[in-house]
Number of protein chains: 2
Amino acid sequence: MKSDELQSELRARGYRLTPQRQLVLDAVRRLGHSTPEEIAAEVREQSPAVNVSTVYRTLDLLEEVGLVTHTHLGHGAPTYHPADESDHVHLVCTECGAIEAVPASILERLTGSLREVSGFEVNVAHLAMHGRCAACAATAKSKE
Amino acid sequence: MKSDELQSELRARGYRLTPQRQLVLDAVRRLGHSTPEEIAAEVREQSPAVNVSTVYRTLDLLEEVGLVTHTHLGHGAPTYHPADESDHVHLVCTECGAIEAVPASILERLTGSLREVSGFEVNVAHLAMHGRCAACAATAKSKE
DNA sequence: TTTTGTGCAAAGAGTTTGCAGGTTG
DNA sequence: CAACCTGCAAACTCTTTGCACAAAA
């Protein structure tokens, strides 16, 4: 599950293994959830010359190859994370910005019915649900 | 449901009713689903001097006031629509870009369990689910 | 007539692209 | 050594902001 996996995934599709690609994948795994800028910063700790554009290109590539995924938690930059860590869904509070994670299993029924109704296959890893967290919902209610 | 509604919603919070605000709201209602640029273009049909920044400021305001909502269907600009048209959820195909709408009622069970589990109140109008549409899923399967 | 809103222009985030030179297989 | 990848700088898209003037209440 180190270089070897990356190498084979890349080679299988005619891509090359470069130090930059390895560094980006390692950074995504180390950081868990992170934006392209954060990943670039992390990579530069070890290899200062690596450019942001390489990070962007590499993230696209790693996503295509299936090793990472991204989601949009806020208004700004997207968040990347390892593809195998996608067993949870993010709840983003529009009011206070809090982010909580709930097991992806909570979506099973929904994804099932979407598949039945329209054949659509939801990409759960990409899903972020926006709304009001318990605390902000309570505050809002007490103001009414 | 015309000027009057807008006026009272605005006045109630200390905001003023201006022709620009009326035009933006009308445009959102006329267009159904549209980006800030599209809305600006529509508004300029009737009042060419209106600036994009006014459109942005007005959309924020209308959203705060509860007359419009937005969601992110693609990678680019967000999509705004009238708040009362929010009884559907968007399914966005990552592969071919197709967008389909399914009734929000399909989410009832999910939103219910989220409320129970963590007290989180999902904003259904803001929700877009990404994945593979039936056609693209079929194509992908046949290639394996 | 005070406060709020608008237009304009410039700046700011986030991302993409063209190209020359470097690296991988 | 041929195809591919990277760094750099510039360009691009979308959005925000500062400010002087205009309009609403």
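Proteins come first, then strands; the chains are lettered A, B, ... in the order of their sequence lines, and each starts at number 1.
At whole-Å resolution of the value, CG in A:Leu10 and P in C:dT23 are 19 Å apart. Taking atom CZ on A:Arg21 and atom C1' on D:dC4, their separation rounds to 8 Å, with Å as the unit. Distance, A:Leu59 CG to C:dG14 P: 14 Å, rounded to whole Å. Distance CZ (A:Arg13) to P (C:dG25): 17 Å, rounded to an integer number of Å.
Listed pair A:Gln20 / C:dT23 fails the phosphate criterion, with no side-chain N or O lying under 4.0 Å from OP1 or OP2.
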* **Check against side chain to side chain donor-acceptor pair (under 3.5 Å), A:Tyr15 and A:Gln7** => CA-CA 9 Å; A:Tyr15 298 125; A:Gln7 175 149 35; over 6 Å; no

* side chain to side chain contact (heavy atoms under 4.5 Å, CB included) between A:Thr69 and A:His81, intermediate numbers included -> CA-CA 6 Å; A:Thr69 35; A:His81 53 103; 3.4 Å; yes

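A:Leu6 CG to A:Leu62 CG: the interatomic distance, rounded to the nearest 0.5 Å, is 6.5 Å.
For the residue pair B:Phe120 and A:Gly131, the shortest heavy atom distance occurs at CZ-N, 3.5 Å. When all heavy atoms are compared, the tightest approach of B:Glu42 to B:Ala27 is CG-CB, 3.7 Å. Shown here for A:Glu64 and A:Arg13, the closest heavy-atom pair between the two residues is O-NH1, 3.5 Å. Closest approach of A:Leu23 and A:Ser47 over heavy atoms only: CD1-CB, 3.6 Å.
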Might you list the N or O atoms of the protein lying below 3.5 Å from N or O atoms in nucleotides 10-16 of chain D, with each pair's distance?
residue : atom : partner : partner atom : Å
D:dT15  : OP2  : B:Tyr56 : OH           : 2.3
D:dT15  : O5'  : B:Tyr56 : OH           : 3.3

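Between B:His90 and B:His33, the angle of the ring planes goes over 60°, which puts this pair in the perpendicular group of the 30/60° scheme.
Environment of CZ in A:Arg109: sparse, with no more than 12 heavy atoms of neighbouring residues, nucleotides or ligands closer than 6.0 Å.
At a non-hydrogen distance threshold of 4.0 Å, nothing from residues 64-71 of chain A comes into contact with DNA chain C.
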* Do nucleotides 20-25 of chain D as a string where each nucleotide becomes B, S or -: B if the base has a protein heavy atom under 4.0 Å, S if just the sugar-phosphate does, - if no protein is that close. => ---BBS

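Proximity of A:His70 to A:Thr79: side-chain heavy atoms (C-beta onward) are nowhere separated by under 4.5 Å.
For the pair A:Thr111 (side chain) and A:Glu108 (backbone), a donor-acceptor distance under 3.5 Å is present.
Across all strands, A:Arg57 comes closer than 4.0 Å to base atoms (heavy-atom distances).
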